[in-house]
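All chains are named by letter (A, B, ...) in the order of the sequence lines, taking the proteins before the strands, and each is independently numbered beginning at 1.
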Amino acid sequence: MKLSHNITVSILMLSATPSVIAVDAADARDSVLNLKEVSVTAFKLGERLADKPVAATVVGRDEIQRLNIVTMKGVSEVSPNFYIPDYGSRMTSSIYVRGIGARIDQPAVGLNVDNVPFLNKDNYDFDLVDIERIEVLRGPQSVLFGRNTMGGQINIYTLSPLAFNGVRLTAEAASGDSYRASVSGYKSISGRIGMSLSAHYNYTGGFFTNRHNGAKADRERGASARWKTTWRPSSSLLVQNTASVSYNKQDGYPYAWEQTGEINYNDTCFYKRTGFADGLTLNWSTGDFTLQSVTSVQYIDDNMTLDQDFLSESYFNLTQARKEWAFTQDLVIKGQKGRYSWLAGVFGFYKRGRMSAPVTFKETGIRELIIAHRNDANPNYPIVWDHDTFVLDSDFINPVYGFAAYHQSGYRTGDWDFNTALRIDYEHTALKYRSRCNTAYTTYDITDSNAPSLFSKETIDLDEDGRLKKSFTKLLPRASVSYTIPSSSWHGVIYASFAVGYKSGGYNTQMFSDVLQQKLMETMGLTAQYDVNSIIGYKPEKSYNYEFGTHFAFSKLTGSLAVFYIDCRDQQLTMFPDGTTTGRIMTNAGKTRSRGFELSLSCPLTDRLSLKGAYGMTDARFVEFDNGKESFDGNRVPYAPANTMFLGASYGIPVRTGWLERVTLNADCRGVGNIYWDESNTTTQPFYVQAGASVTLSHRNYTVDIWGENLTGTHFNTFQYTSIGNRFFQQGKPRRGGITLRINFNS
Amino acid sequence: MTKFLKLTFVAAIFGSLMTSCFGDDSGENYSEAVLNGDNYFNVITDMNANGNDPDAVCAVKAPYYRLRLDNVSQTMDIAISNLKTTPNATPISIQLTGLKFTINEKTLALTVNEILPQTTGGMNTVTNFKMDYVGKYCGFMGTNVASIVANISFELNNRYRVQVMPVVDFFYASTICTNNDTGKSFTTSTEINSEGYPKAAYSVRINPETLKASVILNGAKFLENMPAQNLLFDNIPVVLNYDGGYTLSADKITPSSYSSTTSKPTPNDQYPVTDFKFTMSPYYIPNNTPMQLSFDCTPVKIGTTFSVESECTELYLKHTTQE
């Protein structure tokens, strides 16, 4: 596909109806009216994303319920070229947008929930009650939304207490022994202040069985609560505070070994997390400008314990126990004078985490990965380990802080809009570490097989500590031009934009255990397999994004089309180093490029039947990447799908009885693939499709959804990786269904 | 780089890498350093003796050299004490003054080439004083080490040639390992570690009293996919060469697996070595042969003999502390 890099003129046509991308009109109106004053998207980008030079998908309340979305994973594939694979645990929030993504450490996509920017990707995946609206902005949003948004930005807004007065109940039972229940109360006092309290509980028995103990490997339970307050003390001041707390525990990871196709591991595996977040938004309007302040505090306390080999033998296990605080402050001011509009802001954050990450080597691991390796090199002087297990212990303190200042200027003349923006971003990260190992082994002399003797007893006492630090400073520009189509029948805007995206560098804390392991092997005369200092840290990732797109409305059809090209430098990739290592590393590929397009269409064909579709194609490849052993030039970037597809149809039948007002039949299918699982492109998940359907019985006070997902029973893998020479995969969830009851008591 | 900054840098090199540093007590114009017998020894050649006479060359431990540089005039004073012409001779002391030195633009090596005689105390005369001094940093067995490439030689009383040799030295190498059965070979050459230091392939430690040497191979392997090992070759006889430098040779030797932290090296008879030879040749020997290390190894599990030949250098060619 040949892309044109020339900026072309576009025509924006004023739309007679308030149609917004991929959102039912009613949903959009509700969302905009209730949220426009406080939504950070509306504040920074404007209320109508359809007028803006940005590729965006907005999913409104009705569609959220129709698709049974409770987490941001539910929007995967609904937004084109936006893919969140469902694997691992709640800590695994891998997000891929247009070939850009991350599995560990720094995220490539930002997440705001009620304006609170979640800094830690490990905290992205949680259930939300009463989601009002989800926005997926694709392409770098670094200038306005800051660090680690080079792939895009997800904004989730929950129902405002000024929009609803009463009680909402949800109860759900589904296959996989899954249950969900939530209750939320909304109260508006004097029309100026509203409060809501909500509580949620979820339980999943699981779909996948660990053959070792017969228990489900993906059992999960969680609970959360939210307290939201919206207060309008005057016509010029709006205050919103959202405080939430959540707890989640999962019993394991359903990774199957490729050789047997089974999930079969013997050691403890779980992930549990307690999180707290509070965000305070203040909006103050004067005649000349509007000021918004968003302050947040976040806390996460989690523990991931893994049978790291995922086999029924005792190689090693890993624990990663962390406590992290984060504070953010965003201050934005905007105004307009005639044709000139402007926005300026400052942002600051501080994050501090403490983590303990011991790796315990067990009997099989000691025997196969250390003793066998060593004794193969010197069999006449074999070693015997003095202990059944030993620990590679690592502790970290990781303070990170940053500051940014940004400005955006816009000028409108006739049907043309010109927009430029610049952000200067500074970040400082430090890592204080201590790694230690205390164990021992005995060497025997068996040169005389009739008289073996003890040769030496060796104590390994490794204790290393240090402090690392990095600073990053980046200028992030963006420029766009858009043209409104002045036609009476064809409404739309055509735009072209250029933006620089950026993702911070950091440290591979998981590799410190490998550093220790290498030093342990060196005590036995075996040279380190790779230069450990070269894998401790990774560089920032930068991208240069070119986009050409259009939003349009013609008769009943609305849609958007975007064509993009991304030139990425030092793309961060998650890899498993060669050999007998225990961790994953983030490393940098020299150069990658990604090109593709996205098309979204929505059309209410009749007053009963509406259709919706979204398709994304991404061709993301390495331009320069050589790991010293193999060149991957020309190969596809792994884990990022080449295609995403969503097709949905909805047919509503008015019933108009006392107990039932409407029956809606919904059908959808989602497709994704193909996905390569490694840089060498040797294994792949071909394109696959999952079909879903639901029947919704609606009354003004309640709805009942009977739904099914993956009705085609499609078998596919959501994840695959290789560790210590073994390949593992996680299957996608099987055919499943359930029933969801939602009751609204309006007061 | 200005001359002054170059000198200051060289002084810093002296100060940081000398085994025992007096520091700078004379203001920024002067620098001092000391070479002592823990890390250096003298090789004494009797130029009156026949080159084939085994007593013509001997090693004498524990010399003491104190150097004082005048950065402004670019001259050096050297005080040499505990200098013996044979291990049992009476030690003498010598003072040399006003030796002019130059700094190599690229390597920042400090060079003295003073051919005129200096007589000290009316008794001992030194001629042909040559010094080539440069600090080097290299990676070795997972750590970074700092050392000096020190080539000092002079003639004493027109009879003895004195060379200063380090007790421990590190060598870079370009190595060809050949499978003698198939003729297939692979080459390894000096790599740069993640901290920017070139990795040394060998270290050589010489005991001047016993004239035995230990050679450590850093990351030895005979096949490209073989796990690399650190191997120690111990108690190799040292032959001091009449023209300078030394030769290590052993017909048959069994290495040990080596680590600096274990109580003792573990013999590793899986890699028996034959025809081990290392020729160390200082730069100033006219028409000197390149430094070369060679040996044959027949790994027990493989059963095939591999020939290893390394071209060695003390200084990595691109090793410079400044552009």
Undergrad: Quick one: sort the A/Tyr441 and A/Trp385 rings into parallel, tilted or perpendicular, breaks at 30° and 60°.
TA: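 Ring orientation, 0 to 90° scale: parallel.
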Undergrad: Centroid-to-centroid, A/Phe361 to A/Phe316, below 6.0 Å?
TA: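 Ring centroids of A/Phe361 and A/Phe316 are less than 6.0 Å from each other.
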Undergrad: Given that the side chain runs from C-beta out, which part of A/Thr459 has a heavy atom under 4.5 Å from chain B: side chain, backbone, both or neither?
TA: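 For A/Thr459, there is no contact with chain B at all, as no heavy atom is under 4.5 Å.
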Undergrad: Between A/Glu522 and chain B, which part of the residue has a heavy atom less than 4.5 Å away: side chain, backbone, both or neither?
TA: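 Interface part for A/Glu522: both.
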Undergrad: Between B/Ala220, B/Ser257, B/Ser260, B/Ser263, which shows the greatest number of heavy-atom pairs under 4.5 Å with chain A?
TA: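 That would be B/Ser263.
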Undergrad: With ring pair (Phe, Tyr, Trp, His ring centres under 6.0 Å) as the criterion, how do A/Tyr381 and A/Tyr444 come out once you've worked through the C-alpha distance, each side chain's angles and the decisive distance to 0.1 Å?
TA: CA-CA 5 Å; A/Tyr381 288 85; A/Tyr444 290 89; over 10 Å; no
Undergrad: Measuring heavy-atom distances to chain B, does A/Asp376 have an atom under 4.5 Å in its side chain, in its backbone, in both, or in neither?
TA: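 Backbone plus side chain of A/Asp376, per the 4.5 Å heavy-atom cut-off to chain B.
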Undergrad: If you measure from the Lys or Arg side-chain nitrogens to the Asp or Glu carboxylate oxygens, is any gap between A/Lys362 and A/Asp388 under 4.0 Å?
TA: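 Judged by the 4.0 Å cut-off on N to carboxylate O distance, A/Lys362 and A/Asp388 do not form a salt bridge.
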Undergrad: Is it the case that atom CG in B/Asp251 sees more than 12 heavy atoms from other parts of the structure closer than 6.0 Å?
TA: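 No, not enclosed.
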Undergrad: Non-hydrogen contacts under 4.5 angstrom with chain A: give the residues of residues 265-276 of chain B involved, or none if there are none.
TA: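 Result: B/Pro265, B/Thr266, B/Pro267, B/Asn268, B/Asp269, B/Gln270, B/Tyr271.
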Undergrad: My understanding is that only one of A/Arg569, A/Lys591, A/Lys503 makes a salt bridge (Lys or Arg N to Asp or Glu O under 4.0 Å) with A/Glu541; could you say which?
TA: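 When salt bridge (Lys or Arg N to Asp or Glu O under 4.0 Å) is applied between A/Glu541 and each of A/Arg569, A/Lys591, A/Lys503, only A/Lys503 qualifies.
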Undergrad: What part of A/Thr443 is in contact with chain B, defined as an atom under 4.5 angstrom from a non-hydrogen atom: side chain, backbone, both or neither?
TA: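 Contact with chain B involves the side chain of A/Thr443 alone.
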Undergrad: Is it the case that the ring center of B/Tyr172 lies less than 6.0 angstrom away from the ring center of B/Tyr202?
TA: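 Not under 6.0 Å, so no.
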Undergrad: Over 60° means perpendicular and under 30° means parallel, so tell me whether B/Phe140 and B/Phe170 are parallel, tilted or perpendicular.
TA: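 Judged by the thresholds at 30° and 60°, the geometry between B/Phe140 and B/Phe170 is perpendicular.
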Undergrad: Sort A/Met524 into side chain, backbone, both or neither according to what part of it lies under 4.5 angstrom from a heavy atom of chain B.
TA: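 The backbone, not the side chain.
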Undergrad: So among A/Arg436, A/Arg434, A/Lys519, which one has a salt bridge (Lys or Arg N to Asp or Glu O under 4.0 Å) with A/Asp463?
TA: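 By the salt bridge (Lys or Arg N to Asp or Glu O under 4.0 Å) criterion, A/Asp463 pairs with just one of A/Arg436, A/Arg434, A/Lys519: A/Arg434.
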